[in-house]
Amino acid sequence: MDDQKKDIEKVNEAQLTDTTEYITESEAKTVREMFKKYLKYYKEKDPEMTDKEWLEWLFKKELPETTPEEAKADAEEIVESIKTFDENLASCNSAAKRGVSKESWLADKIQESSVGMSVQEYGKRLQAFDDMLHVKNAELADALTVAKDGEIGRINMNPNLDGILAENYIAKTTELSGFAQGKNIRVDVLQSNNANSVDVRAINLDTGKYQNYQLKFGKDAAHTIKYIEEGNYNNQQIIVPSEQLEEVQAHFKAKGSNKTITDHIDAWGAEGKKFTKEDLKEIQRAAQEDGIMPSMDYSHYQTKDLAMSIGKNAGAMALQAAAVTTGLTVAGKIFKGESVDADELVEVAIKTGADTTVKTVSAGTLQVAIRKGIIRFIPKATPAGVIANIACVGIENVKILAKIAAGELSVTKGLDQMGRVTTSMVGGLWVMAKGAAFGTKLGLMVPVIGPGLAVITGFVGGMVGYFGGSKIGDAVYNAGKKVAGAAKTVAKAAWNGIKNTGRAVGRSIRSLGRKIFG
């Protein structure tokens, strides 16, 4: 979707300035001093002051432009999000002891928290959430492919849902049409950002044959023609807006081109819906601004499979995040050569797990740093609850790395526990996003999840590790590098498994089609 890609490029240019780093050493040093100062504030507070009251006071003091109502609401959201995260992690760990996988735990958690939601609405939201995680996993996989020793930058990271919902809508209407006719087909959105890459692929599961499609939806026929001529789309059928079809076809026919240009996908007789440019803009606007998901017949979907797919995506994301060393490296650099005295409160939190205070101070520090624009790659509008989850993942992971460094935990078991940490976070994000403005809330999470989350949680964990003392910080840093090396191979296999077996919804519909049509 070229207009959306151009908009994304503008956003990236505005955010990146001279650097492609997620967090620079200069920014990291500022955050370190903020954490040190806020930790001191916390320890000096009146013992009767609650964490919520302290956060509210901190935001009023450090963010004077914040209204009292906003400070109170953000403080409440952070405290509640930390509580939810801790409860989810305890529940996930308990399930693991009973032999229940983290994927199954998350699927059950999602279903429990969605009681009262219609099957149709539940399916739409599951699909959008699953798509978001799938795209972010793809970004992580791409970043790790070119990374050296787990160090990644942030070039070509898509910060929006623009185009994703539209492409899925076009693909899935074709797939539903096929199943209604008893055709054994799958239509995948490939979600690649590479030049000339395929947008959508339809596969005949009986014969193994496939057809590639390129979607070109310029603001008018002239722009659509320009986008087609700029690319090399051999062996791809091109889909354009229905109101532009005749003009685009006539242009290429006059040039003697034999390109197949149409306004809908036709996969072995299964026809997808036709859309105008405005139709798709309205779908995206409704999803992102009003929280209204595109209408598809999700009553036919196996929602349990979709929930399980979310769990698998969460697990793959955890493994890929563990292979990213950028955040740890930045933390190590800003403490290098410094002798750091152990802060007793932080040291106890890392060693014993009594970490609510450290999570609260970390979340408060991140909130102020993001709202002030000190951590520039995370949008200022990111919900406080998402910021709290970032802090929680960073703290939990540093505790795991400390155990690995001490020989109390193997790398393999440590990776498994890190997987539960990320899965617990995803469970909390689902609950956070499931209100009336679902699309808006989901859109606000998108820039933070994926590579960015891997970097910032690594930095937070590494920074807190050093505040537990130089010895703990160095041990955590070394353990993190060791874990990253082990995680890379496992993470690649996990992602390839998800990518190669197709999306959960496709498997579900195919299963239904076989049941109905034999």
Side-chain angles (χ1 to χ4, degrees), residues 23 27-63 66 71-86 89 327-328 330-331 334-335 340-372 374-375 378 382-402 421 425 428 453 456-469 472-473 476:
I23 182 167
E27 292 168 348
K29 287 177 180 177
T30 301
V31 175
R32 177 189 64 184
E33 295 309 308
M34 290 169 63
F35 180 85
K36 184 178 181 180
K37 181 170 69 170
Y38 298 164
L39 188 62
K40 184 174 181 289
Y41 286 164
Y42 188 94
K43 290 192 286 189
E44 292 174 348
K45 77 177 181 68
D46 188 321
E48 298 299 316
M49 180 182 269
T50 65
D51 286 351
K52 182 180 77 65
E53 291 169 339
W54 179 78
L55 284 167
E56 189 176 346
W57 168 83
L58 179 69
F59 298 154
K60 288 177 181 177
K61 174 179 172 57
E62 299 293 316
L63 299 168
T66 301
K72 182 178 181 180
D74 284 348
E76 287 178 347
E77 188 171 334
I78 285 174
V79 169
E80 186 59 34
S81 295
I82 291 173
K83 180 184 175 185
T84 298
F85 176 90
D86 287 345
L89 183 57
L328 272 174
V330 173
I334 65 172
F335 284 95
V340 185
D341 292 330
D343 182 287
E344 185 179 356
L345 192 151
V346 176
E347 185 178 14
V348 169
I350 293 173
K351 291 182 176 179
T352 70
D355 57 16
T356 301
T357 293
V358 178
K359 285 175 179 172
T360 300
V361 176
S362 298
T365 302
L366 286 176
Q367 172 89 348
V368 175
I370 290 166
R371 296 292 189 262
K372 283 181 175 290
I374 294 167
I375 299 178
I378 299 180
T382 300
V386 175
I387 294 171
N389 273 276
I390 292 172
C392 288
V393 172
I395 303 306
E396 289 297 336
N397 282 346
V398 79
K399 286 157 54 180
I400 293 168
L401 291 176
V421 169
M425 176 199 72
L453 179 71
I456 201 65
T457 54
F459 167 70
V460 170
M463 178 186 71
V464 170
Y466 277 103
F467 272 98
I472 291 179
V476 163

pair Ile378-Ile390: side-chain heavy atoms closer than 4.5 Å
yes
NZ (Lys72) and NZ (Lys60) are apart, to the nearest 0.5 Å, by 9.0 Å
Please check if the number of heavy atoms outside Lys52 that lie under 6.0 Å from its NZ is greater than 12. yes
| query | Side chain of Lys45, backbone of Met49: donor and acceptor closer than 3.5 Å? | reply | yes
In this structure, CD1 of Ile395 is separated from CZ of Phe85 (nearest 0.5 Å) by 10.0 Å
Would you sort out whether Ile78 and Thr360 count as a side-chain contact (heavy atoms from CB on, under 4.5 Å), showing the intermediate values? CA-CA 8 Å; Ile78 285 174; Thr360 300; 5.6 Å; no
Run Asp74 and Phe59 through side-chain contact (heavy atoms from CB on, under 4.5 Å) and show every step you take. CA-CA 9 Å; Asp74 284 348; Phe59 298 154; 4.0 Å; yes
Problem - Under-4.0 Å salt bridge between Lys36 and Asp343 - result: no
Given 3.5 Å as the limit, does a donor-acceptor pair link the side chain of Lys372 with the main chain of Glu62, or not? yes
Residues Tyr41 and Leu58: closest non-hydrogen pair is CD1-CD1, 4.1 Å
Looking at side-chain heavy atoms only, is the closest gap between Phe459 and Ile334 below 4.5 Å?
yes
d(Leu345 CG, Ile350 CD1) to nearest 0.5 Å is 10.5 Å
Exercise. What do you reckon, are the aromatic ring centroids of Phe335 and Phe467 less than 6.0 Å apart?
Worked result: yes
In this structure, NZ of Lys61 is separated from CD of Glu56 (nearest 0.5 Å) by 15.5 Å
Worksheet item: Trp54 vs Trp57 aromatic rings, parallel, tilted or perpendicular, using cut-offs 30° and 60°?
Response: tilted
Shortest non-hydrogen pair, Ala363 vs Ala391, comes out as N-CB, 3.7 Å
Non-hydrogen side-chain atoms of Met425 and Cys392 separated by less than 4.5 Å
no
Discussion item. Test your reading of the model: is there a side-chain donor-acceptor pair from Thr352 to the backbone of Val348, 3.5 Å cut-off?
Written reply: yes
message: Please check this pair: side chain of Arg371 against backbone of Leu63, looking for a donor-acceptor N/O pair closer than 3.5 Å.
response: no
Between Gly364 and Leu55, the two heavy atoms sitting closest are CA-CD2, 3.8 Å
Practice item. State whether the number of non-hydrogen atoms from other residues, nucleotides or ligands found under 6.0 Å of Lys43 atom NZ is greater than 12. Key: yes
Closest non-hydrogen atoms of Ala342 and Gly468, given as atom of the first, atom of the second and distance, are CB-O, 3.2 Å
Are Lys359 and Glu396 ion-paired here, with the side-chain N under 4.0 Å from a carboxylate O? yes
One should read off an interatomic distance between Thr382 OG1 and Leu366 CG, to the nearest 0.5 angstrom, of 10.5 Å
_Check Lys29 with Glu33, please: is the shortest side-chain N to carboxylate O separation under 4.0 Å?_
no
dist Thr365:OG1 -> Ile374:CD1 (nearest 0.5 Å) comes out at 10.0 Å
Report task. Taking Glu27 for its side chain and Ile375 for its backbone only, find out whether a donor-acceptor pair lies under 3.5 Å. Result -> no
Closest heavy-atom pair, Gly428 versus Thr84, reported as atoms and distance to 0.1 Å, is CA-CG2, 4.4 Å
Strictly distance-based, threshold 3.5 Å: is any side-chain N or O of Glu53 a donor or acceptor partner for the main-chain N or O of Thr50?
yes
Test log, rule side-chain contact (heavy atoms from CB on, under 4.5 Å), inputs Leu453 and Asn389 | CA-CA 10 Å; Leu453 179 71; Asn389 273 276; over 6 Å; no
Correct closest heavy-atom pair for Gly385 and Ser81 would be CA-OG, 3.2 Å
